[in-house]
Amino acid sequence: MHWAKILGAVVGAAALLGLGIILGHFAIPKATDPSAPGTSDSQDLDLEVLNLVMEQLDASRIRENLRELSQEPHVASSPQDEALVHLLLERWQDTATGLDSAKTYEYNVLLSFPNEEQPNVVEVVGQDGTVFHSFQPQEKNLTGEQEPKVLQPYAAYAPAGTPQGLLVYANQGSEEDFKELEARGIKLEGTIALTRYGGVGRGAKAINAAKHGVVGVLVYTDPGDINDGKSLPSETFPNSWGLPPSGVERGSYYEYFGDPLTPYLPAHPSSFRLDINNISGIPPIPAQPIGFEDARDLLCNLTGPPATASWKGALGCDYNLGPGFKQDGSFPAGSEVKMRVHNRLELKNSSNVLGIIQGAVEPDRYVIYGNHRDSWVDGAVDPSTGTAVLLEITRVLGTLLKKGTWRPRRSIIFASWGAEEFGLIGSTEFTEEFLSKLQERTVAYINVDISVFANATLRAQGTPPVQSVIFSATKEISAPGRSGLSIYDNWIRYTNRSSTVYGLVPSLGTLGAGSDYASFIHFLGISSMDLAYTYDRSKTSARIYPTYHTAFDTFDYVVKFLDPDFSSHQAVGRTAGSVLLRLSDSLFLPLNVSDYSETLHSFLRAAQTDLGTLLEQHNISLDPLVTAVKEFETAAAALVRRISALQSSSPEVTDMPSSPLQVRMVNDQLMLLERAFLNPRAFPEKPYYSHVLWAPNTASAATFPGLANACARAQEANSGSEAWAEVQRQLSIVVTALEGAAATLKPVEDL
C-alpha cells in the first residue's frame, strides 16, 4: 500500500505538471516575435492583409510564369523536370520574395516509358505478315510546337508485346461492354479491341478486355466525346480549341495510386519492394492510344453487326462491332491488326519540392497547398496553369513575409508534387512517409492542378466542411469580365443546387481520385478541395479540354483559346489565396461541420428509397443508420453553437475572451472530423480507400458507397448468404463511422 501511495502521488504530480505545461503554453501571453507582427494567441484573419494579397496577385506575372514553365516537355524524372525543381527552389529561397524554407524529398519509383529506339507501332497486316497499312507513331506538327522532343504517345505501364488478331469495337471498354459483345455472339478470344476514352479508367479497359480473352487494346478519343462532333482539320486546332485528328491522349494505365512497388511504404532505396511480377493494377495485355484519324480508318472498315446508338460517336461512318474488316473496305479480307509495343519499366528518382511558412501561433497546424509539376508534353494547361498560379501566390506571400508585414497563425506548406501523371506518385509517397504527422496536424489540403480549363466559371470540388470557406472567399472576389458579378454569383449561374439549409447555392463537386487530393482525403481523411476555372457545359459536351495530354497542349493554345488576358488564372489565384489565408489565419477554423448533415441525409434518403425494401427482405434494418445520422446532426449543430458562443466572447466583442485552450480544442474537433470517417478495413479490394463516404460507388444507388456496392453484388445471380453478410458488414461500418464522427464533435469531456 505504501508503494501504491507513492506511485499514485508521482502519477498525480506528473499529470498536474503536464496540465500546467499545456495551460502555460496556451494561456500565458507570449513575447511577440519581431518577424511576426501583432503575434498573439488571439491572432485572427487580417482583412487588410487579405485585401493586399488580392490586389497584388498579378495576371501578367502568372502569364510569364506559364511561358517559362511550358517551354519544353517535362516528363517526370526527365532533365527538364529536374530543371523545374531547381526553378522552384530558387523562387522559394529568394531573399526578397521567398519562404522560410524550401527543400526536396526524393523517391525512387517505378515509372514506365516508351522505347525511343523502337517506337510503338500499330499496323494492319495480312495473315502472311504483309503490312497493308501502318499508323502514324507521332502527332502531326501543325504549328511548329509539336517538336520531336515530345514523348511519343503510349500507355504507361502497359506491358510490351506484339499481339495480333481480328479487330472488334468495344465501345468504352467497360465490363458491361465486353459482356454485351459476347451476348451478341461476338467471339473475343484472340482479338484486338478498339475502345474509346471515357466511361471507365484507362487501365480498366485493358484489364476488362483481358478477362474476355482479348490480347491487345487500342484506345482513341472520339470527336463526339471531345469536339462536339467536329472532326475536320478546318474545325479543329489550330483553327479552334478542338482536338485535331492526329491528337493522341497519353496517360497512365495503372489503376491505383502511389509507387507500384511500395504500396503503403515511402519509396526509399531501403524500402521493401514487391516483385515486379506481383504488381496489381497494371494492364495484363499490351495497350496503345491512337488518334481519331487512325481510329476512323479502323472502325469505318469493320464488318459485323451494327453498334447500338449509345456506342456510336462522330467519326462519320457506321460503327460496326467486327470481328475483322468488311469485304469491300480499305483492307483485304482476313486482314488483322498487329500491335508492337516496346514499353519498358524503369526505377527513377522523382522529387517533391516543399516550401514552408512557419506559423506564428500554431506552427504545428498545417494548411497544405499542392500542385503537380510533371507533364506528358509541354503541359501548358496540365499542370502548368496551376504551377503558374502557385508561384504567383508564393511570390506575394513571400514578399509580405520577408518585409515583416505578415506571418500566418498556422504553418503553410506549399508542395510541387512529382510524377503525378504516372499515378499520383509524389503526393502519395509524401502521405505514406509522413502519415502520422499529417493526420495529427493537417487542417486542410488545397489542390490546384489545372487552374484554367476555360474561362467561363469556377469549378470547385471538395468535402462538405470546405464549402463554407470557398463560398465566403468567392463572394468577395470579382469574376473576370464585365459582368460586375462576384465569382460566387457568376458560379451560381452555371452550376447550382437547391440546399435544404441555404436555398440556391453553387454546386460543390465531390472528390474522386483524379489528382493529388486523392491520398489526402481517401487515405488520411483530411478535408480537401480542388479549385479551377472551367467552361460553360451548356455550350460543349467535351469531357475535358480537347488537347488534354497531347502535343497540342502549349502556351499558345492557352493564350489563343483558354484565357487570353489571364484574368481567369488571376481569379483562381485570388480564390485559392483567399481560402488559404482564411484557413491559415482565422482564429476559428472556417470549416462548417454541419454541412455534412445535408450529405448524410441525402445518402440516407437514397438508401431508404433505393435499397430499403430489398434490405427488409433480407432482414437488414436501416434503423441504426437513421439513429446515427440524427446523432451526428445533433452533435454538429451543438458544436456550431458552441463555436458561435466562443466567437461572441472574442477580444473584439468582450473583455472576457475565450481562452486559447478552448479555441484549440474546438479547432481540433473541426480538423479531426474527417478522420472519423476512415476505416482501413472497409474496402480491402481498393488500396488506399478508407473514407466510408467518398470511396468509389459503382452502383446505381447514390448512397453510402460500401453499402451501395455490397447490395449491387448481392443482387447478382446466385449470390448466397455471404454476399448479404457483407451488406450487413458495410452497414455496420457506416453506422460505426457516423457514431465516431458524432463523438468527435461532442464536448471533449463527454465520452
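Note that the numbering runs from 1 along the sequence shown for the chain.
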Report yes or no: does [X] contribute a side-chain atom to a donor-acceptor pair with the main-chain N or O of [Y] at less than 3.5 Å?
| X | Y | answer |
| --- | --- | --- |
| Arg410 | Ser586 | yes |
| Glu674 | Ile526 | no |
| Arg373 | Ser351 | yes |
| Arg365 | Val361 | no |
| Thr703 | Ala606 | no |
| Thr474 | Ile470 | yes |
| Asn592 | Pro465 | no |
| His522 | Gly512 | yes |
| Asp41 | Pro660 | no |
| Glu631 | Ala741 | no |

Item to complete: Report the residue from Thr387, Asn447, Asp516 that forms a side-chain hydrogen bond (donor to acceptor under 3.5 Å, both in side chains) with Asn371.
Response: Thr387
Would you say [Y] and [X] are linked by a side-chain donor-acceptor pair, where the criterion is simply a distance under 3.5 Å?
| X | Y | result |
| --- | --- | --- |
| Trp406 | Asp585 | yes |
| Glu433 | Tyr107 | yes |
| Glu598 | Thr500 | yes |
| Asn667 | Arg664 | no |

Nearest-0.5 Å distance, [atom1] of residue [X] to [atom2] of residue [Y]:
| X | Y | atom1 | atom2 | result |
| --- | --- | --- | --- | --- |
| Leu390 | Arg395 | CG | CZ | 13.0 Å |
| Ser498 | Leu504 | OG | CG | 6.5 Å |
| Cys711 | Glu726 | SG | CD | 10.5 Å |
| Glu432 | Ser519 | CD | OG | 8.0 Å |
| Arg582 | Asp44 | CZ | CG | 11.0 Å |
| His691 | Thr463 | NE2 | OG1 | 7.0 Å |

Are any non-hydrogen side-chain atoms of [X] and [Y] less than 4.5 angstrom apart?
| X | Y | answer |
| --- | --- | --- |
| Ser427 | His372 | no |
| Ser486 | Glu476 | no |
| Val734 | Asn679 | no |
| Glu633 | Leu600 | no |
| Ser732 | Gln728 | yes |
| Lys403 | Leu400 | no |
| Leu625 | Leu604 | yes |
| Leu438 | Ile368 | yes |

Identify the two heavy atoms, one from [X] and one from [Y], that lie closest to each other, and give their separation to 0.1 Å.
| X | Y | answer |
| --- | --- | --- |
| Ile357 | Arg407 | CG2-NH1, 4.3 Å |
| Gln669 | Leu639 | OE1-CD1, 3.7 Å |
| Leu583 | Met529 | CD1-CE, 4.1 Å |
| Ser621 | Asp623 | OG-N, 3.1 Å |
| Ile477 | Met54 | CD1-SD, 4.1 Å |
| Ala676 | Thr744 | CB-OG1, 3.8 Å |

Would you please indicate if the ring centroids of [X] and [Y] are separated by under 6.0 Å?
| X | Y | result |
| --- | --- | --- |
| Tyr689 | Phe683 | no |
| Phe471 | Trp491 | yes |
| Tyr688 | Tyr264 | yes |
| Tyr596 | Phe677 | yes |

Discussion item. One pair to check against side chain to side chain contact (heavy atoms under 4.5 Å, CB included): Leu611 and Ile620. What are the steps and the verdict?
Written reply: CA-CA 10 Å; Leu611 306 176; Ile620 299 174; over 6 Å; no
Worksheet item: Around atom NZ of Lys630, are there more than 12 heavy atoms of other residues, nucleotides or ligands at under 6.0 Å?
Response: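 No, because the 6.0 Å sphere around NZ of Lys630 holds 12 heavy atoms or fewer from other groups.
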Practice prompt. Answer yes or no: does atom CD of Glu685 have more than 12 heavy-atom neighbours from other residues, nucleotides or ligands under 6.0 Å?
Written response: yes
Fill in: Ring geometry between Phe603 and Phe704 (parallel below 30°, tilted from 30 to 60°, perpendicular above 60°)
perpendicular
Worksheet item: Is the Phe520 ring parallel, tilted or perpendicular to the Phe430 ring (thresholds 30°, 60°)?
Response: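 Taking Phe430 first and then Phe520, their aromatic rings sit tilted (interplane angle of 30° to 60°).
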Discussion item. Run the side chain to side chain contact (heavy atoms under 4.5 Å, CB included) test on Gln461 and Leu508 for me, step by step, so that the C-alpha distance in whole Å, both residues' side-chain angles and the decisive distance to 0.1 Å come before the verdict.
Written reply: CA-CA 5 Å; Gln461 301 165 295; Leu508 183 75; 5.6 Å; no
Worksheet item: Pick one: which of Leu391, Thr394, Leu354 meets side-chain contact (heavy atoms from CB on, under 4.5 Å) with Leu88?
Response: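 Exactly one candidate clears the test, Leu391.
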Discussion item. Please identify which of these residues, Ile393, Leu47, Val367, Leu50, meets the side-chain contact (heavy atoms from CB on, under 4.5 Å) condition with Leu581.
Written reply: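 By the side-chain contact (heavy atoms from CB on, under 4.5 Å) criterion, Leu581 pairs with just one of Ile393, Leu47, Val367, Leu50: Leu50.
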Worksheet item: Yes or no on side chain to side chain contact (heavy atoms under 4.5 Å, CB included) for Lys437 and Tyr366, after CA distance, side-chain angles and deciding distance?
Response: CA-CA 10 Å; Lys437 179 184 285 189; Tyr366 310 150; 3.6 Å; yes
Item to complete: Test Tyr517 against Tyr445 for ring pair (Phe, Tyr, Trp, His ring centres under 6.0 Å), laying out the working first.
Response: CA-CA 7 Å; Tyr517 49 74; Tyr445 176 70; 7.7 Å; no
Discussion item. Please determine whether salt bridge (charged side-chain N to carboxylate O under 4.0 Å, His left out) holds for the pair Lys475 and Asp489, giving the CA-CA distance in whole Å, both sets of side-chain angles, and the decisive distance to 0.1 Å.
Written reply: CA-CA 7 Å; Lys475 287 177 180 178; Asp489 289 329; over 6 Å; no
Practice prompt. Just do the side chain to side chain contact (heavy atoms under 4.5 Å, CB included) check on Leu99 and Ile356 with the steps written out, would you?
Written response: CA-CA 6 Å; Leu99 312 178; Ile356 298 168; over 6 Å; no
